[in-house]
Each structure stands twice: as C-alpha cells, then as structure tokens.
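Keep in mind that the numbers below use all heavy atoms, side chains included, and drop hydrogens, waters and symmetry copies.
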Amino acid sequence: MTTRIAVAGANGRMGKIIVEAAAAADNAALSVATVRAGSSLLGVDAGELAGIGKVSLSTVASLEDCISEFDVLIDFTLPDATLANAAICAKHGKGMVIGTTGFTAAQKDELLAYQAKIPLCLASNFSTGVNLCFKLLDVAARVLGDDVDIEVYEAHHRHKLDAPSGTALSMGEVLANATGRDLDSVAVYGREGQTGERDRKTIGFATVRGGDIVGDHTVSFLADGERVEITHKATSRMAFGRGAVRAATWINEQSAGLFDMQDVLKLR
C-alpha cells in the first residue's frame with residue numbers, strides 16, 4: 001500500500017529533506033506540501049523548492065483544503081503551527097508524524113490529547129541510529145547503574161532554537177528511567193564557579209551550538225578506571241527524513257494512539 005504524505009513547512013530546513021525523502025520512497029508518495037500563508041513560495045513546485053527537480057506538486061497554504069489528498073502529515077515545524085495542524089488532522093482522522101520540538105508543558109498536553117482520535121508518532125529524533133542508541137543506553141544504564149557518573153553531550157548548528165536538544169532530553173529520560181531517577185530532579189544543565197563535588201545521582205548535560213553541525217550526541221558513563229561512551233553523529237539530515245517517511249508508512253496502518261520510533265522499529 002502506498003502512503004500519501006503531506007509535508008508541513010516544505011520550505012523549511014527539514015521540510016525540504018522530507019519532501020526529497022517522500023518523493024524517493026518506494027512505498028510512499030508526496031501528495032501535499034504546505035508553506036506559510038502569504039509566503040512568496042506559494043505555488044512553487046515542491047521538488048524545485050527542495051532542490052530535486054520538478055515533481056509536479058505546487059505548494060499550498062491550507063492543509064484543510066487538501067485534506068482528501070493525503071493519508072499522513074509529517075510536521076517538523078514550530079509548536080504553534082504543529083498544534084494548529086494537529087487540530088485539523090484530528091478533525092478529519094489523519095495520522096501525524098511529529099518531529100517538532102520546543103513545546104511548553106501546556107502545549108504538549110494539548111498535543112497529546114489528540115491521541116484519543118488519531119495515531120500520533122511523536123519523537124525527538126527519527127534517525128534509525130539514534131533510536132538504536134536509545135535502546136543501547138537503556139541497557140548500559142541498567143548494567144552500570146549507580147557505579148558511574150553520567151554525562152550527556154550534544155552539538156548542533158548555530159540556527160537551532162532550543163537547548164538542550166530534544167534528542168539529548170530523550171536520552172536523559174531513558175537514562176533516568178533505567179536508573180530509577182526523576183530527570184527533573186537530577187538533571188544539571190550547566191556548571192559554573194565553585195560547584196562542589198559531583199553528585200553521582202545527577203545526569204549532566206553539555207550543549208554546543210555552532211557552524212553547520214547536523215547533530216552530535218554522546219553519553220559518557222564515567223567510572224574510576226574506565227568509561228563507556230555511546231555516540232551518534234549525523235552527517236546528513238536525510239537520516240531523519242528517511243526515518244520520518246518510514247514512520248509515516250507505519251503510522252498509516254495504526255489505530256488512534258501515541259507511538260514513537262521505538263514502536264516503528266520494533267525495539268520495545
């Protein structure tokens with residue numbers, strides 16, 4: 001079965017990548033590409049916008065006007081736009097794949113309420129490799145437990161708006177759950193001055209922003225005499241685009257509920 005995919009924010013950094021990935025997929029078809037109302041890019045061919053050549057699909061502003069033309073929406077935009085799109089999809093029974101980050105707690109609650117009506121695949125990172133790392137981190141944290149200090153390092157391009165990255169926070173959640181801790185209580189997001197001796201129960205986060213780094217993540221398990229490090233480095237955003245399209249084809253076969261890439265990849 002071919003899954004018809006709509007891409008929100010087709011002119012964005014990730015939107016262009018997802019357009020390319022959807023257009024190239026064997027079991028999916030790019031059927032809708034949206035841009036912001038009033039954009040100078042309205043009516044532009046989505047393939048030319050993404051730099052892959054003409055695909056005979058013009059960008060539109062209204063998702064609801066094209067509701068019969070797609071099965072699943074992939075949305076990597078901004079929280080307010082994603083929530084507006086989620087309301088439309090819930091109204092019409094369309095599944096969503098969501099890679100948007102930076103939601104407030106209230107926005108996240110609003111979004112998650114739609115799982116009662118439609119299937120949602122919500123993930124901080126759609127890379128197959130990163131999601132394998134989540135599994136490995138769970139195993140490592142359970143084995144090493146409280147005998148190590150745990151530090152999470154992440155680096156991204158200068159244009160990224162949120163910090164730490166959604167992926168780093170997801171890694172922190174995996175680590176906290178595996179060691180029986182509450183991340184909100186044990187997370188340390190920066191150190192400066194006389195911080196005192198490190199509390200082994202804490203999970204530290206270090207953030208770097210600069211250049212054109214696609215995404216680097218390393219978790220270090222630091223013991224006396226040895227350390228274990230699990231690292232993922234993304235060299236192309238296409239890893240995220242292919243994963244999002246894979247998730248869309250999977251979510252198209254699901255009933256209402258909340259899912260993530262661990263479900264898509266059968267890593268549970």
Side-chain angles (χ1 to χ4, degrees), residues 13-14 76-80 82-83 98-112 122-127 129-224 226-234 237 240 260-262:
R13 188 176 291 108
M14 274 305 302
F76 278 63
T77 57
L78 295 170
D80 286 341
T82 299
L83 287 173
I98 301 169
T100 305
T101 59
F103 292 102
T104 65
Q107 288 174 323
K108 188 73 170 289
D109 288 343
E110 181 181 345
L111 178 64
L112 294 183
L122 181 63
S124 59
N125 194 303
F126 283 87
S127 154
V130 162
N131 281 276
L132 176 58
C133 284
F134 289 153
K135 185 70 172 181
L136 297 175
L137 290 172
D138 178 73
V139 173
R142 291 180 189 279
V143 171
L144 298 171
D146 294 333
D147 294 331
V148 294
D149 299 317
I150 303 176
E151 295 285 321
V152 181
Y153 160 91
E154 62 99 345
H156 284 83
H157 53 88
R158 66 170 67 88
H159 303 292
K160 187 165 179 60
L161 299 179
D162 55 317
S165 69
T167 300
L169 292 174
S170 292
M171 288 178 166
E173 290 287 358
V174 170
L175 296 164
N177 290 338
T179 54
R181 306 173 198 175
D182 174 55
L183 186 61
D184 289 338
S185 300
V186 302
V188 176
Y189 294 112
R191 298 186 179 95
E192 183 179 5
Q194 298 296 319
T195 61
E197 185 175 337
R198 189 192 195 284
D199 180 353
R200 178 149 278 179
K201 292 286 188 179
T202 60
I203 297 174
F205 290 82
T207 296
V208 171
R209 293 288 178 267
D212 60 355
I213 301 171
V214 174
D216 293 353
H217 294 86
T218 294
V219 176
S220 298
F221 299 88
L222 306 154
D224 295 335
E226 64 177 349
R227 68 178 180 268
V228 174
E229 293 183 335
I230 296 175
T231 295
H232 180 272
K233 293 180 182 289
R237 290 184 179 83
F240 313 137
D260 62 19
M261 278 300 283
Q262 298 291 296

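In summary, the side chains of H217 and T231 do not present any donor paired with an acceptor at a separation below 3.5 Å, with no hydrogens or angles considered.
The backbone N or O of R191 sits nowhere less than 3.5 Å from a side-chain atom of T195 that would complete a donor-acceptor pair.
Looking only at side-chain heavy atoms (C-beta outward), M261 and N125 stay at 4.5 Å or farther from each other. With a 4.5 Å cut-off on side-chain heavy atoms, V214 and F240 count as touching. Side-chain contact between L122 and D260 is absent, with no heavy-atom pair separated by less than 4.5 Å. You'll find the side chain of N131 reaches within 4.5 Å of the side chain of Q262, heavy atoms only. In this structure, the side chains of Y153 and V208 come closer than 4.5 Å at one or more pairs of heavy atoms.
Legend: salt bridge (charged side-chain N to carboxylate O under 4.0 Å, His left out) pairs involving residues 208-223, not counting sequence neighbours, sorted by first then second residue: E154-R209, D216-K233. Residue pairs that meet the salt bridge (charged side-chain N to carboxylate O under 4.0 Å, His left out) test with at least one member in residues 165-188, sequence neighbours left out, are D146-R181. Counting only residues at least two apart or on different chains, the ring-ring contact (aromatic ring centres under 6.0 Å, His included) pairs with a member in residues 192-214 are Y189-F205.
The two residues A163 and T207 make their nearest non-hydrogen contact at CB-CG2, 3.9 Å. The two residues A223 and V148 come nearest to each other via the heavy atoms CB-CG1, 3.8 Å. Nearest approach of T179 to A141, heavy atoms of both residues: CG2-O, 3.8 Å.
With values rounded to the nearest 0.5 angstrom, K108 atom NZ is found 11.5 Å from L83 atom CG. Between atom CG of residue L169 and atom OG1 of residue T101 there is a gap of 9.0 Å, rounded to the nearest 0.5 Å.
In this structure, R13 has no side-chain hydrogen bond (donor to acceptor under 3.5 Å, both in side chains) partners at least two apart in sequence or on a different chain. Scanning for side-chain hydrogen bond (donor to acceptor under 3.5 Å, both in side chains) contacts around S220 gives E229, with sequence neighbours left out. When the side chain to side chain contact (heavy atoms under 4.5 Å, CB included) test is applied to V174, the partners found at least two apart in sequence or on another chain are F134, L137, D138. The side-chain hydrogen bond (donor to acceptor under 3.5 Å, both in side chains) test applied to D149 returns R198, R200, not counting sequence neighbours. In this view, D199 satisfies the side-chain hydrogen bond (donor to acceptor under 3.5 Å, both in side chains) rule with no residue, not counting sequence neighbours. The ring-ring contact (aromatic ring centres under 6.0 Å, His included) search around F76 returns F126, not counting sequence neighbours. Shown here are the side chain to side chain contact (heavy atoms under 4.5 Å, CB included) partners of T104, two or more places apart in sequence or in another chain: A106, Q107. L132 is linked by a side chain to side chain contact (heavy atoms under 4.5 Å, CB included) to L136, counting only residues two or more places apart in sequence or in another chain. When the side chain to side chain contact (heavy atoms under 4.5 Å, CB included) test is applied to T100, the partners found at least two apart in sequence or on another chain are D75, T77, P79, T82, I98, F103.
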